[in-house]
Amino acid sequence: MSGMNPRQREAVRHFGTPLLVLAGAGSGKTRVITQKIAHLVDDRRMEARHIAAVTFTNKAAREMAERVGKLVKGKSARGLTISTFHTLGLNIIRRELKALGYKPGFSIFDAQDAEALLKDLLRHGKQDDGVASTHQWRISHWKNALLSPEQALAQAEDELDQRTALLYADYQRSLKAYNAVDFDDLIQLPVRLFLDHPETLDKWRDRIRYLLVDEYQDTNGAQYELVRQLAGMRRAFTVVGDDDQSIYAWRGARPENLAKLKEDFPDLELIKLEQNYRSSSRILKTANRLIANNPHVFEKRLWSELGPGDPIRVRECNNDQHEAQWVVSEIMNSKFIRGGRYGDYAILYRGNHQARLFEAELRNHNIPYFLSGGQSFFARAEVKDVMSYLRLLANPDDDAAFLRVVNVPRREIGATTLEKLAGHASQRGVTLLAACSDLGLEQSLSGKGLKRLRDFAEWVGEFHRRAEQDHTVDTVRAMLRDIDYEGWLRDKSSDKKVAERRMKNVLELVDWLDNLHKKDPDRTLADMVNHLALQDILDQQNEEDTSEQVRLMTLHSAKGLEFPHVFLVGMEEEIIPHRTSIDEDNIEEERRLAYVGITRAQRTLTITHCAKRKRYGEVVSCDPSRFLDELQGEEVQFEGGKTKPPPEEQKRRGQAHLAGLKAMLEE
DNA sequence: ACGCCGCGTATTTTT
DNA sequence: TACGCGGCGT
């Protein structure tokens with residue numbers, strides 16, 4: 001408890017009624033949660049297995065677990081749950097499989113699998129479809145709001161909505177037939193289960209006697225309901241959040257869940273953490289001024305004792321290329337003057353496409369950089385292939401996995417054969433793998449195609465049996481050898497290096513499986529695969545030394561992070577606030593996005609905007625963001641624009657400066 | 001099975 | 001501009 005401020009201490013000690021901690025940016029919220037867990041275990045003598053802390057990302061969960069591990073010694077931390085919402089949901093589902101009507105070995109469909117399934121359903125429904133991803137989007141929103149297909153249909157407002165609702169029903173039926181759940185189901189199914197089976201809910205309430213929720217403003221309808229259900233009569237919970245950092249409403253988060261809490265739990269205690277330990281006061285004043293333009297349920301004012309710090313600089317650039325050049329030269333300049341590391345610098349932008357010019361410029365100067373975003377580990381083809389094999393071994397009903405691997409590596413099973421197989425399968429009401437062994441299949445298929453399918457099915461069956469008996473990971477290795485996956489990667493990849501990298505990813509995956517198995521040898525393959533599917537392995541690989549790399553990332557992925565020097569780029573109308581948000585009149589969330597960006601900065605903050613910018617290949621002129629008007633004040637220095645030196649002088653200075661720096665860097 | 005062409009689209013992203 | 005996808009031809 002030492003080194004905490006009175007408010008933080010109060011939040012840690014509070015017990016007996018529900019607690020909402022309104023934690024401003026950089027106010028030490030993770031500290032409060034971890035200390036609170038320690039307090040519950042050490043001082044209130046609660047058993048760790050009765051405490052659950054829930055986060056949104058694996059990274060946050062990992063960080064929290066690590067910090068709690070340092071506070072709570074050895075055995076007393078045993079059984080503590082620190083996990084993401086989705087992992088918590090997965091654990092509930094796998095323990096209550098029967099009641100939910102799922103079979104053991106069920107699969108988890110990721111967004112890609114789900115979209116592929118929807119496309120397939122649309123193809124066969126052969127209505128003048130519409131884009132699968134649009135349907136997927138709506139269905140996800142319905143699920144997150146706990147609407148069943150029937151309810152969705154009942155409240156559909158137009159024809160498109162109705163079609164999506166019908167598709168939603170088909171989609172759920174298919175998932176069930178494949179013995180699979182999607183990401184949204186991981187939350188939705190437990191909630192529905194608890195609604196239908198109060199006795200099961202009681203069991204889980206007895207298990208989770210104290211609940212802590214991080215980033216509470218990001219909860220969606222289903223997640224909030226889960227929290228409410230688990231809290232129950234005991235009402236023993238602490239949620240931590242910040243309405244000003246709610247930037248995920250577009251994907252179903254409901255920041256009003258913060259205010260709703262007060263209605264649902266009248267004895268809710270509210271504690272505000274307003275002291276910021278991250279930024280200098282000029283940065284905070286600017287942030288406060290900007291966010292004051294949003295309506296607030298809870299008033300909050302951040303302050304800090306870190307001194308005034310440097311003024312905030314706002315710089316106008318001629319165009320996007322100039323912006324990149326200027327920012328990169330500023331980074332070189334600053335690093336040269338201050339010392340320090342490239343890892344102290346972050347360039348934050350609204351959309352990923354903005355990264356390109358900065359990347360190019362950094363590369364020009366041989367400055368190392370780290371780009372967040374891009375595809376995740378599990379989106380990689382080779383990882384998806386192997387995951388699909390594992391899924392199929394664990395769950396023979398997983399048609400998505402079947403389709404993915406049936407011809408990888410080549411088994412000469414083409415589209416026509418699969419089309420016929422699928423036709424037969426749906427006629428018989430069985431899944432694809434089962435249909436391969438169906439005796440009636442001769443009627444639809446003959447010759448080579450039939451034989452190849454049967455061989456494949458037999459092969460899967462054999463490894464399925466082995467996986468159940470043998471040391472699971474050995475079976476996986478044997479399987480990969482058997483199909484010569486490495487050889488397939490080599491043949492397929494143009495570059496030898498690429499093939500090696502891909503194989504490395506595969507081996508990484510197998511290693512993870514091995515580790516999981518060693519930790520708990522009793523787990524089934526399906527179990528391990530499902531847990532793996534919710535992890536982002538790359539996340540953790542990436543934690544390797546980034547201290548000398550300039551960070552490039554979107555404002556969204558910067559949430560929760562901090563950097564000594566922040567460059568907030570592209571501060572223009574139609575970018576922040578984004579065009580579509582202007583059209584939809586959703587400026588407030590964009591303002592919060594800008595607020596999140598500003599509050600990432602510890603020591604210096606530089607904001608840029610361009611007079612012109614290339615958009616879809618066309619040069620367009622840009623207005624400075626309205627947020628620049630809103631945040632201006634005595635802490636903010638505007639450079640460029642009217643006050644900037646003439647271009648020739650600027651260029652001369654820039655070149656001289658760069659030449660000097662280059663000379664020094666070369667030494 | 002593969003590759004080429006033309007079309008449409010174009011935030012933010014985690015699990 | 002750029003990329004991915006579906007359609008079509010070889």
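Chain A is the first sequence line, chain B the second, and so forth, proteins listed ahead of strands; every chain is numbered from 1. On a predicted model such as this, the values are computed, not experimentally measured, just so you know. Computed from heavy atoms alone, side chains included, the values below leave out hydrogens, waters and symmetry copies.
- Residue A:Lys119 has a polar side-chain atom (N or O) positioned under 4.0 Å from OP1 or OP2 of C:dG6.
- Under a cut-off of 6.0 angstrom, the local environment of CD in A:Gln321 is sparse, with at most 12 non-hydrogen atoms contributed by other residues, nucleotides or ligands.
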*Show your working on ring-ring contact (aromatic ring centres under 6.0 Å, His included) between A:Tyr178 and A:Phe402 and close with a plain yes or no.*
CA-CA 10 Å; A:Tyr178 302 157; A:Phe402 178 94; over 10 Å; no

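- The CD-P distance, from A:Glu215 to B:dT13, rounds to 15 Å in whole Å.
- In this structure, A:Asp113 atom CG and B:dT14 atom P are separated by 17 Å, rounded to whole Å.
- For A:Asn352, a side-chain nitrogen or oxygen approaches OP1 or OP2 of B:dT13 to under 4.0 Å.
- Taking 4.0 angstrom as the limit, A:Arg410 places a side-chain polar atom (N or O) nearer than this to OP1 or OP2 of B:dC2.
- Contact of A:Thr57 with B:dT14 (side chain to base): no donor-acceptor pair of N or O atoms is detected under 3.5 Å.
- Across the protein-nucleic acid pair, A:Arg356 atom CZ and C:dT1 atom P stand 12 Å apart, rounded to whole Å.
- Ring centroids of A:Phe56 and A:Phe85 are separated by less than 6.0 Å, placing the two rings close together.
- In this structure, A:Leu122 places its CG atom 15 Å from P of C:dC5, rounding to the nearest Å.
- The nearest whole Å value for the distance from the CG atom in A:Leu348 to the P atom in B:dT13 is 12 Å.
- For B:dT15, one of the phosphate oxygens OP1 or OP2 lies less than 4.0 angstrom from a side-chain nitrogen or oxygen of A:Asn58.
- Ring pair A:Tyr224/A:Tyr216 is perpendicular by interplanar angle, where above 60° counts as perpendicular and below 30° as parallel.
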